[in-house]
Asks: 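Let me begin by handing over the structure; questions about it come next.
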Amino acid sequence: MVAAVSRRSATPAQRRGAMVILVAVLLIVIFGMVAFAVDTGSISATKSKMRAAADASALAAAAEMLTTTDVALIQQEALDYANINVPGDYGNVLDADNVTVGIWDPDTGEFSPDTMAPNAVRVLLQRTEARGNAVPYLFGRVFGVQQTDMTVEAIAVGAVPNTGVTTETTLSVYVTSTKDLSNVVLKFVDGTHQKFDGLNDYTGTFEGTGEHAGKEIIGVWIKSGCNSSGEGPGYGELLLNPGDGSTKYGEAGQGCRPRVSATFEATGATFTESGSDGPVRLVK
């Protein structure tokens, strides 16, 4: 006769103990996932702000390069706009040594330092351990990861317009700003206006469309940052067409006020030494 073998099920206390261990393991996994998501989002937001600041800094420096050959002034313009556009707790993200004038080759897509005949400016914004302002992790430090380095590069070219060009009609205008454009309003020779709104870039080329197609442009209002002309909602700084295909600059930027420019692209006006169609443009 074979004796029956009894199977004892886990006691309630044993089951509770196993559940506690399982919950603890799952909590660690979930916390790790949340920490990763939060830190990834924080780093992404920081990089976006750094990118915007680098773009504004390079554009401002390239615009300054069109008016002076003094490298120190060009570097200072870049520094000023970097400081304006980065939060104060980011620390010192830019030194003059990280603002380089040089040559941008549109065929190879490469930048080479050159102070003799520069056509571009490269800006490197950095948050690194060496500078004492590395990007901290919010939750990663729980797992032993304290911070990470971040470097953002922006390159803007500054074309040299062939001044002295005279033509009868200007049908388009290329505008730039060191802050995001919000509205551009064209002023036509017949006294009518056309407004372009909902913009979100630093540059753009505009011409009459619809009933305004083919009309000569005699001026442009550029709304960006906090500039305002008092001529109506969305009407920023007014730049009038100089009539020679050259670039017209607005007032110097300061604080939330951007520096804007307009190139009234008349027939026959060309640009050299830039690899671009406009006077100031981001290429990287």
Asks: If Ile, Leu, Val, Met, Phe, Trp and Tyr residues are connected whenever their side-chain heavy atoms lie under 4.5 Å apart, and connections chain through other members, are L239 and V185 in the same group?
Replies: no
Asks: Report the distance from atom CG of D201 to atom OG1 of T176, rounding to the nearest 0.5 Å.
Replies: 11.0 Å
Asks: Give a yes or no on whether the backbone of Y235 and the side-chain of S229 come within a donor-acceptor separation of less than 3.5 Å.
Replies: yes
Asks: Heavy-atom distance under 4.5 Å between the side chains of D149 and E129, does that happen here?
Replies: yes
Asks: L79, M50: one ILVMFWY side-chain cluster at the under-4.5 Å cut-off?
Replies: yes
Asks: Please work out which of the three classes, parallel, tilted or perpendicular, describes the rings of F188 and H212, given edges at 30° and 60°.
Replies: parallel
Asks: Count I, L, V, M, F, W, Y as connected when their side-chain heavy atoms are under 4.5 Å apart, and connections chain through other members. Are Y90 and L94 then in the same cluster?
Replies: yes
Asks: Kindly compute the distance separating CG (L238) from CG (L240), expressed to the nearest 0.5 Å.
Replies: 4.5 Å
Asks: Does V86 share a hydrophobic cluster with Y81, counting links as ILVMFWY side-chain heavy atoms below 4.5 Å and allowing steps through other members?
Replies: no
Asks: Does one side chain, of D114 or S112, offer a donor that lies under 3.5 Å from an acceptor on the other?
Replies: no
Asks: Hey, are the side chains of V220 and F206 touching, using non-hydrogen atoms and a 4.5 Å cut-off?
Replies: no
Asks: Taking the side chain from K187 and the backbone from G191, do they hold a donor-acceptor pair closer than 3.5 Å?
Replies: no
Asks: Answer yes or no: is there a side-chain heavy-atom contact under 4.5 Å between R259 and E77?
Replies: yes
Asks: For residues V173 and A262, report the shortest heavy-atom separation together with the two atoms involved.
Replies: CG2-CB, 3.8 Å
Asks: Is there a path of hydrophobic side-chain contacts, each under 4.5 Å between heavy atoms, that joins V99 and M65?
Replies: yes
Asks: Would you confirm whether D95, through its side chain, and D97, through its main-chain N or O, come within 3.5 Å as a donor-acceptor pair?
Replies: no
Asks: To the nearest 0.5 Å, tell me how far T46 OG1 sits from R51 CZ.
Replies: 14.0 Å
Asks: Just by distance, do the side chain of S261 and the backbone of Y249 share a donor-acceptor pair under 3.5 Å?
Replies: no
Asks: Taking C-beta and beyond as the side chain, do N241 and K248 meet within less than 4.5 Å on heavy atoms?
Replies: no
Asks: Please check: side-chain N/O of N183 versus main-chain N/O of G236, any donor-acceptor pairing under 3.5 Å?
Replies: no
Asks: Do the side chain of E64 and the main chain of L73 share a donor and acceptor less than 3.5 angstrom apart?
Replies: no
Asks: I'd like to know whether CD of E231 has more than 12 heavy-atom contacts from other residues, nucleotides or ligands below 6.0 angstrom.
Replies: yes
Asks: State the CG-CD1 distance between L186 and I222, to the nearest 0.5 angstrom.
Replies: 10.0 Å
Asks: Are the side chain of S224 and the backbone of K179 linked by a donor-acceptor contact shorter than 3.5 Å?
Replies: yes
Asks: Taking side chain as C-beta onward, heavy atoms only, is S177 less than 4.5 Å from K223?
Replies: no
Asks: Please find the pair of heavy atoms, one from L171 and one from G214, that lie closest to each other, and give the distance.
Replies: CD2-O, 3.4 Å
Asks: When you measure from the side chain of N133 to the backbone of N92, do you find a donor-acceptor pair of N or O atoms at a distance under 3.5 Å?
Replies: yes
